[in-house]
Every structure is written in structure tokens, then in C-alpha cells.
Amino acid sequence: MPAEKRIFLESHNINNLYSGFGQFNYWLIKNLTEHNQSFQFTAYAKNKSVFKDFGGDLKFQRYYSFNRYKTFRLRKKYDLWHSLNQNSKIEPYSSSMPYLMTLHDVIFMEKDPIEKVSKKKIQLLKEKINRSQTIIFISEHAKRSANHFFEISEAIPQPVIYNGNPTVAQPPVTPPKVDFDLTKPYLFCIGQFLEMKNFHSLIGMLSQLNDLQLIIAGNKDKPYGEVVKQEIKKYKLQDRVFLAGKISEKDKHYYFQNCEAFVFPSLFEGFGMPPIEAMAYGKPVFLANRTSLPEIGGEYAFYWDQFDADYMVGVFEDGMNKFQKEKDLYTNHLKKRAESFNWDKTAKEYLQVYDTLLIK
């Protein structure tokens, strides 16, 4: 019987489970180990405890930051090295080791003038692309954008495998302890406080929606948080717009369960998990008609083409009217769409890629 093929999962971003990369690493590896029957996986992290709830046989390699430097790169040979994100500087010592990369986005090329983009960052990604036997993209948009900026060889297979959705709708949870009134109807938004998330555009919109509050969750202490706070002051909405900061999973479920709608005007997304989490509860979702969001939201989401307050209000009110008139139709379709993003399915598709690369 042939020995199991050994796959190294460069997964050190799993150390930060509050990040999108951390969540991707966690859920992909967890489901890979549950469905694997052919391979020996070695995962890479600072602490083995992050894998304590994983099933299957998973080996562990401790992450050290100095492994980024060429002299200290990992020298052990594997049948396949899988770089789980495109930004990693951790590479195998051997340049001949078979190599697979998951490319989540090239937002750094999309949002900035090319002349301002770090040449080192561009070169790093070019090198990773050129050494890859296969590149997996997490959305069709990410694939189109990467090919536009990097002209990837057609000889490199480029499958699109969507991320799964870890959010399963929960029974009603108790409200979080906050200093604002949760009995009043509210819109909900969650994400990193970065300029590209465009949260400040929601404030002008809300100034014309007098019967609603707005709750935005995420690390409000980032510099962009001050931009949002200034917009709240500008419109004198301190009594209707609330920045909840980082929240627990339980509190996140509460906000999704009880919001009137989920609003997400982000300008740049390689995938976009929060809209799927909202759809799992059958909530109306309002998204920017940009990058991957139309692909993820589908035909039963509502979209903003621009971010003028009057226009955003019009789209919102029209969308809510449509939703209320056919609530059962929208709710059922939104829930089904959320269910279609499934980590079991995602892991099985990754295993098929490994099979194609390694099983002869």
C-alpha cells in the first residue's frame, strides 16, 4: 500500500481568529481533517491548542516568525506545500517543492494607484504565482482581478472554490449588555474599521431614516473609527448610531437575529462573509454593487451603485418594500443561498484539487 502523500498547510494566520484569514484557516483545516481519507496534513501555528477540537489525524509544526527569512525556511520535504493565503512570507526552503496557493484577493492593486503600491508586495505575489502548480481563488471576481493585474499563465489551473459559511442560525439569544436601547428597530453592520469598508456612508443615509438606529460592530479604535465618529457628530446622530466595538459570537447572533436589515457598503471584498451570515437568518441585505459582493449576495440582495445619501435611502426604502411584500419568498431564498456556502462542500473541493495534483 503506497504511503500517504504529505501536505504542508501554511496556516500561521490561524493564530488570529478575529481576522478573515484566521477564520478561513480554521474552518478549512477543520473540515479537511474531517473529510480526509488520502493525505497526511501538517498544520502550521504558534500554538497546538488551536486545533484541539479538530477530528482526524493532523500533525503540527510550530510557527516562528524568523521562518520568514530564507536562511531559516522550513527544510522538511513534503509532497505538496499549500500556502493558504497570498500575503504569507513563509515559504519552503526547496524551490522545487510542489506548490499550491489560495489567492483571496488583490485588493491592494484595486484600491490604490499602481504607482503607490509597494513593489516588494507586487514582487512577492508574482513569485508565489509563478511557482504555483495551481491557484485556487475564493471568488470569480478575485480570479478576474488577479488575471487582470498579473496576467497569470493559462497553463496554471485556476479553480474557484467558495468559502463556507460557519454561521448556523441559532435559537434566540439574550441581548448583550450595552448602553443603548435595543428595543428600537435597528440596522446592523459588522467588519474591520478600514476606509475601504465605507461605513461612514451609512451615517448620511440614516439621517433620513428617522425611525431606525444603526449599530456597527468592529474595532472602532482603528484610525478610520475616528472618521466614522466625526460623521456621526456632523449629523448629530449620537443618539441613533452606535459603535459596538468587538463583539462575541453570541452577541453577533443577537444582532443578526433582531436587526431590520443588514447593511454593508464595502468597496472592496475578495469574498464577503458578513452578508452570508445575515442571509442565514433570512434578513434583507443591502450591499455595494462592487467587487465580489454581487457574486456573493445573488439576485435576492439589494445593491447600491453609488453612495450619495438620497440615492442610498431610495434603494433602501424600495428594497424594504419589496422584501415586506414578498417576505416568505425573499426569506427562503436568502436562507438557501447562505446554505449553499458550505464548509463541507468547500473542503471536499479542496481535496479534489489535492487528488488532481498528487494522485497519479
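The residues of the chain are indexed from 1 along the displayed sequence. Keep in mind that the numbers below use all heavy atoms, side chains included, and drop hydrogens, waters and symmetry copies.
- Atom CD of E195 is surrounded by 12 or fewer heavy atoms from other residues, nucleotides or ligands within 6.0 Å.
- I136 is listed as a side-chain neighbour of V353, based on a closest heavy-atom distance under 4.5 Å.
- The ring-ring contact (aromatic ring centres under 6.0 Å, His included) test with F8 is passed by exactly one of F41, W81, Y93: W81.
- Note on residues 66-80: pairs passing side-chain hydrogen bond (donor to acceptor under 3.5 Å, both in side chains), not counting sequence neighbours, are Y44-N67.
- P274 places a side-chain heavy atom less than 4.5 Å from the side chain of F262.
- Screening Y255, F264, Y281 for a ring-ring contact (aromatic ring centres under 6.0 Å, His included) with F188, the sole residue that qualifies is Y255.
- Counting heavy atoms from C-beta on, the side chains of L80 and Y99 never come closer than 4.5 Å.
- Residue pairs meeting the side-chain hydrogen bond (donor to acceptor under 3.5 Å, both in side chains) criterion with at least one member in residues 236-246: none, sequence neighbours excluded.
- Taken from CD in E151 to CD1 in I129, the straight-line distance is 11.0 Å, to the nearest 0.5 Å.
- For the atom pair CD of Q86 and NE2 of H104, the computed distance is 6.0 Å after rounding to the nearest 0.5 Å.
- Judged purely by distance below 3.5 Å, without hydrogens or angles, the side chains of K345 and S340 never pair a donor atom with an acceptor atom.
- Taking all atoms of both residues into account, the shortest heavy-atom contact from S19 to N13 is OG-O, 4.3 Å.
- Distance check: I247 CD1 to I216 CD1 gives 12.0 Å after rounding to the nearest 0.5 Å.
- Between H200 and Y224, the two ring planes are perpendicular [angle over 60°; tilted spans 30° to 60°].
- Neither side chain, H148 nor E110, offers a donor N or O lying under 3.5 Å from an acceptor on the other.
- The heavy-atom pair separating G282 from L334 by the smallest distance is O-CD1, 3.9 Å.
- Checked against T167 for a side-chain hydrogen bond (donor to acceptor under 3.5 Å, both in side chains), the options E249, H253, E277 give a single hit: E277.
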- Derivation and outcome, side chain to side chain contact (heavy atoms under 4.5 Å, CB included), residues I215 and C189: CA-CA 6 Å; I215 298 172; C189 180; over 6 Å; no
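- Judged purely by atom type and a 3.5 angstrom limit, W343 has no side-chain atom pairing as donor or acceptor with the backbone of W27.
- In this structure, Q306 places its CD atom where more than 12 heavy-atom neighbours from other residues, nucleotides or ligands lie under 6.0 Å away.
- Inter-residue side-chain proximity for F54 and I29 is flagged as met; some heavy-atom pair is nearer than 4.5 Å.
- Cluster note: F21 groups with no other residue, as no ILVMFWY side-chain heavy atom lies under 4.5 Å from it.
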- Take E10 and S88 through the side-chain hydrogen bond (donor to acceptor under 3.5 Å, both in side chains) test and state the conclusion after the steps. CA-CA 8 Å; E10 200 296 90; S88 173; 2.4 Å; yes
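- Rounded to the nearest 0.5 Å, atoms NZ (K48) and CD (Q61) are 11.5 Å apart.
- Closest approach of G297 and M279 over heavy atoms only: O-SD, 3.9 Å.
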- Query: What do the steps show when you test L17 against Y26 for side chain to side chain contact (heavy atoms under 4.5 Å, CB included), and what is the final call?
  - Reply: CA-CA 8 Å; L17 290 175; Y26 180 90; 3.7 Å; yes
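- No continuous path of ILVMFWY side-chain contacts below 4.5 Å connects L124 to L84, so the two sit in separate hydrophobic clusters.
- Between G270 and I107, the closest heavy-atom pair is N-CD1, 3.9 Å.
- F137 is not listed as a side-chain neighbour of D105, based on a closest heavy-atom distance of 4.5 Å or more.
- One distance of note links CD of E226 with NZ of K229; it measures 4.5 Å at 0.5 Å rounding.
- Summarising the local packing, NZ of K222 is surrounded by 12 or fewer heavy atoms from other residues, nucleotides or ligands at distances under 6.0 Å.
- Residues F108 and K121 have side chains in contact (heavy-atom distance under 4.5 Å, counting atoms from C-beta outward).
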Side-chain donor/acceptor pairs under 3.5 Å, residues 317-329, sequence neighbours excluded:
residue, atom, partner, partner atom, Å
D318, OD2, K322, NZ, 3.4
N321, ND2, E317, O, 3.2

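- Pairing each heavy atom of G272 with each of L293, the nearest pair is CA-CD2, 4.4 Å.
- Around NZ of K250, the count of heavy atoms belonging to other residues, nucleotides or ligands within 6.0 Å exceeds 12.
- Side-chain atoms of L194 and F199, non-hydrogen and from C-beta on, never get closer than 4.5 Å to each other.
- Using modelled atom types, one finds a donor on one side chain and an acceptor on the other under 3.5 Å when comparing Q208 with D310.
- Between N342 and T346, every side-chain heavy-atom pair lies at or beyond the 4.5 Å cut-off.
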What pairs of donor and acceptor atoms, side-chain ones from residues 154-162 against any protein atom, are under 3.5 angstrom apart with sequence neighbours left out?
residue, atom, partner, partner atom, Å
Q158, OE1, N147, ND2, 2.7
Y162, OH, E295, OE2, 2.7

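- Residues T291 and E269 have side chains that never bring a donor and an acceptor to within less than 3.5 angstrom of each other.
- A distance-only check finds a donor-acceptor pair linking the side chain of K283 to the backbone of Q257 [under 3.5 Å].
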- Would you sort out whether H82 and Y350 count as a side-chain hydrogen bond (donor to acceptor under 3.5 Å, both in side chains), showing the intermediate values? CA-CA 11 Å; H82 182 181; Y350 270 86; 5.1 Å; no
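- Tracing side-chain contacts under 4.5 Å through hydrophobic residues (I, L, V, M, F, W, Y), one reaches Y311 starting from Y303; they form part of the same cluster.
- Note on Y63 and F72: separate hydrophobic clusters, where clusters join Ile, Leu, Val, Met, Phe, Trp and Tyr whose side-chain heavy atoms are under 4.5 Å apart, directly or indirectly.
- Figure legend: K126 and F150 shown without cation-pi pairing, the cationic atom not lying both under 6.0 angstrom from the six-membered ring centre and within 45 degrees of its axis.
- Ion pairing between E91 and K128 holds under the 4.0 Å rule for side-chain N and carboxylate O.
- Cluster annotation: M196 and L243 are assigned to the same hydrophobic cluster (Ile/Leu/Val/Met/Phe/Trp/Tyr, side-chain heavy-atom contacts under 4.5 Å, transitive).
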- Task: Given side-chain hydrogen bond (donor to acceptor under 3.5 Å, both in side chains), test N289 with D305 step by step and report yes or no.
- Result: CA-CA 5 Å; N289 195 15; D305 292 319; 2.7 Å; yes
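- The main-chain N or O of I14 is never found under 3.5 Å from a side-chain atom of S11 such that the two would form a donor-acceptor pair.
- At a threshold of 4.5 Å between side-chain heavy atoms, the hydrophobic network of Ile, Leu, Val, Met, Phe, Trp and Tyr places I359 and L351 in one connected group.
- Residue pairs that meet the salt bridge (charged side-chain N to carboxylate O under 4.0 Å, His left out) test with at least one member in residues 23-40, sequence neighbours left out, are K30-E34.
- In this structure, N210 places its CG atom where more than 12 heavy-atom neighbours from other residues, nucleotides or ligands lie under 6.0 Å away.
- With rounding to the nearest 0.5 Å, the separation of CG in L74 from CD1 in I90 is 7.0 Å.
- Minimum interatomic distance between L267 and F307 (heavy atoms only, all atoms of both residues): CD2-CE1, 3.5 Å.
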